[in-house]
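Notes follow once the structure below has been shown.
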Amino acid sequence: MKSKSTIVQVAKRIGVAPSTVSRAFTDPGKLKPETVQRVMDAAAEIGYVPNHHARALITGRSGAIGLVLPDVANPFFPPLIRYAQLAAEDYGLAVFVADTAEDTKRELQMIERLSPQVEGLIIASSRLSDRVLQTIAERQPTVLINRDVAGVPRVLISTSKALAEGLHHLVEAGHTRIAYVGGPARSWSDAQRHGCVQSTLESLGLKPFFFQAKSGNYSDALEVSGEVEAAGATAVIAFDDVVAHGLMSGFRAHGMRVPEDINVLGCDDTLAITTHPPLSSISLDLASAARSAVTILRSAGRPGASSDQRFELEGSLVLRGTTI
């Protein structure tokens, strides 16, 4: 029976210390990229596979982080998962993903189940209270995405500047009856976008019209499209592209043309090229958001690391066929 390859054999093959081989798998960011590549190539050549379970028992590290999401079916989140995985791989980490289905009880359950298995948590668009999130962060390294909670490291993907720019564009095009159709009520992003629409339009002397697409899915947006039409809106801002897609389908079913009869601006820029006409939206840098969250999480707990880091990314307005 062939004996298993060892870390010492990998080290001898390329003339480095066994600790260097170990670090290539556990903390590659501390080594030169070419050194990491040499280790990986040598390991592949002799068939060495690190025993993550044994390493976790010795070091107390699991080699994985948890990523908690409210709705993995929403097209905003799959790219975030991919970018988080790519960023985590740079540190030799895996990513465990949990979908909470927009349910706070399930979210807490998923966090409690993941916590013993991972070195830290990235919680995106959480629906939990600030105090609960602070308590979670006190127990375990935690980074939030799109929740602004004091004392907890967070990465915020802001649409405020781009959304204000889009609103000014609509007003300059002659629109005076502009609606906002919001998403999930406990969403930080929805609150931010709602506030931006209200403050921007009021500063321009206009009264905003507000509607809610309940859980923020396509069906809810389709249902509320008739209310937006009845209000006489000639332009509408959607919480995200999913809501925008539902609204456009509803408008079309009612005989309204986009953009001739009503303009539509989405957020997140996830479905733009699949709609007809192509959707104007606010593009968000999800790659930078995921990379920042993983980097902050990786440094959590180290001497001098801040427990109140707040990193904000701005979106950019992309005008296409649904606005004039």
Side-chain angles (χ1 to χ4, degrees), residues 74-80 83 124-125 144-148 154-184 187-213 216 221 228 233-248 258-259 262-275 277-293 310-324:
N74 187 303
F76 174 85
F77 292 109
L80 190 68
Y83 292 130
S125 303
L144 306 177
I145 294 179
N146 280 0
R147 272 298 299 274
D148 197 359
R154 62 267 197 205
V155 177
L156 307 175
I157 313 173
S158 175
T159 59
S160 293
K161 291 182 179 178
L163 186 52
E165 182 183 349
L167 288 164
H168 277 88
H169 172 82
L170 292 172
V171 172
E172 289 168 4
H175 296 281
T176 58
R177 299 182 68 84
I178 300 175
Y180 173 73
V181 178
S187 164
W188 173 85
S189 298
D190 181 59
Q192 187 201 49
R193 293 166 193 179
H194 184 288
C196 179
V197 170
Q198 182 164 359
S199 61
T200 301
L201 290 183
E202 288 179 353
S203 72
L204 294 171
L206 298 175
K207 175 187 175 183
F209 297 86
F210 292 109
F211 303 90
Q212 203 77 23
V228 176
T234 62
V236 58
I237 309 294
F239 164 69
D240 63 9
D241 288 5
V242 173
V243 171
H245 193 193
L247 289 170
M248 289 170 65
V258 177
I262 189 166
N263 280 204
V264 180
L265 175 64
C267 287
D268 298 348
D269 204 22
T270 55
L271 296 174
I273 61 174
T274 65
T275 65
L279 179 66
S280 294
S281 191
I282 295 173
S283 180
L284 306 178
D285 189 354
L286 297 183
S288 292
R291 186 166 53 250
S292 298
R310 187 180 188 275
F311 188 62
E312 189 165 353
L313 295 164
E314 290 289 346
S316 56
L317 178 66
V318 183
L319 297 176
R320 298 188 180 92
T322 60
T323 52
I324 297 176

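- Applying side-chain contact (heavy atoms from CB on, under 4.5 Å) to Leu80 and the options Leu284, Ile145, Asn74 leaves one that passes, Ile145.
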inquiry  = Is there a side-chain contact (heavy atoms from CB on, under 4.5 Å) between Asp190 and Gln212? Walk through the geometry before answering.
reply    = CA-CA 10 Å; Asp190 181 59; Gln212 203 77 23; 3.4 Å; yes
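- A donor-acceptor contact shorter than 3.5 Å links the side chain of Asn263 to the backbone of Ile324.
- Smallest separation of non-hydrogen atoms from Leu286 and Pro79: CD1-CB, 3.9 Å.
- Looking at Val228 and Ile262, their side chains come closer than 4.5 Å, going by heavy atoms from C-beta outward.
- Taking the side chain as every heavy atom from C-beta outward, Pro75 and Leu271 approach each other to under 4.5 Å.
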inquiry  = Test side-chain contact (heavy atoms from CB on, under 4.5 Å) on Ile157 and Phe76; report intermediate values, then the result.
reply    = CA-CA 12 Å; Ile157 313 173; Phe76 174 85; 4.1 Å; yes
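- Side-chain contact, Asp285 with Ser288: a donor N or O sits under 3.5 Å from an acceptor N or O.
- Counting only distance, with no hydrogens or angles, the side chain of Thr200 and the backbone of Val197 share no donor-acceptor pair below 3.5 Å.
- Taking the side chain as every heavy atom from C-beta outward, Leu163 and Tyr180 never approach each other to under 4.5 Å.
- The backbone N or O of Leu313 sits nowhere less than 3.5 Å from a side-chain atom of Ser158 that would complete a donor-acceptor pair.
- Taking each heavy atom of Thr323 and Ser280 in turn, the nearest pair found is OG1-OG, 2.7 Å.
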key: Worked check of side-chain contact (heavy atoms from CB on, under 4.5 Å) between Met248 and Leu279   = CA-CA 10 Å; Met248 289 170 65; Leu279 179 66; 3.9 Å; yes
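- Shown here for Trp188 and Asn146, the closest heavy-atom pair between the two residues is CB-O, 3.1 Å.
- Looking only at side-chain heavy atoms (C-beta outward), Pro277 and Arg320 stay at 4.5 Å or farther from each other.
- A cation-pi contact, defined as under 6.0 Å to the ring centre and within 45° of the axis, links Arg193 to Phe239.
- Partner Ile282 forms a side-chain contact (heavy atoms from CB on, under 4.5 Å) with one of Asp240, Val318, Asp269, Thr159 and no other, that one being Thr159.
- Here the CG atom belonging to Leu167 is positioned 11.0 Å from the NE2 atom belonging to His175, to the nearest 0.5 angstrom.
- Judged by distance alone, the side chain of Glu312 and the main-chain N or O of Val155 form no donor-acceptor pair under 3.5 Å.
- Applying the 6.0 Å contact sphere to OH of Tyr83 captures no more than 12 heavy atoms from other residues, nucleotides or ligands.
- Listed for the His169 side chain is no donor-acceptor partner under 3.5 Å among the backbone atoms of Glu165.
- Ring-plane geometry between Phe210 and His194 is classed as parallel, the angle between the planes falling under 30 degrees on a 0 to 90 degree scale with a further cut at 60.
- Judged purely by atom type and a 3.5 angstrom limit, Asp241 has no side-chain atom pairing as donor or acceptor with the backbone of Ala244.
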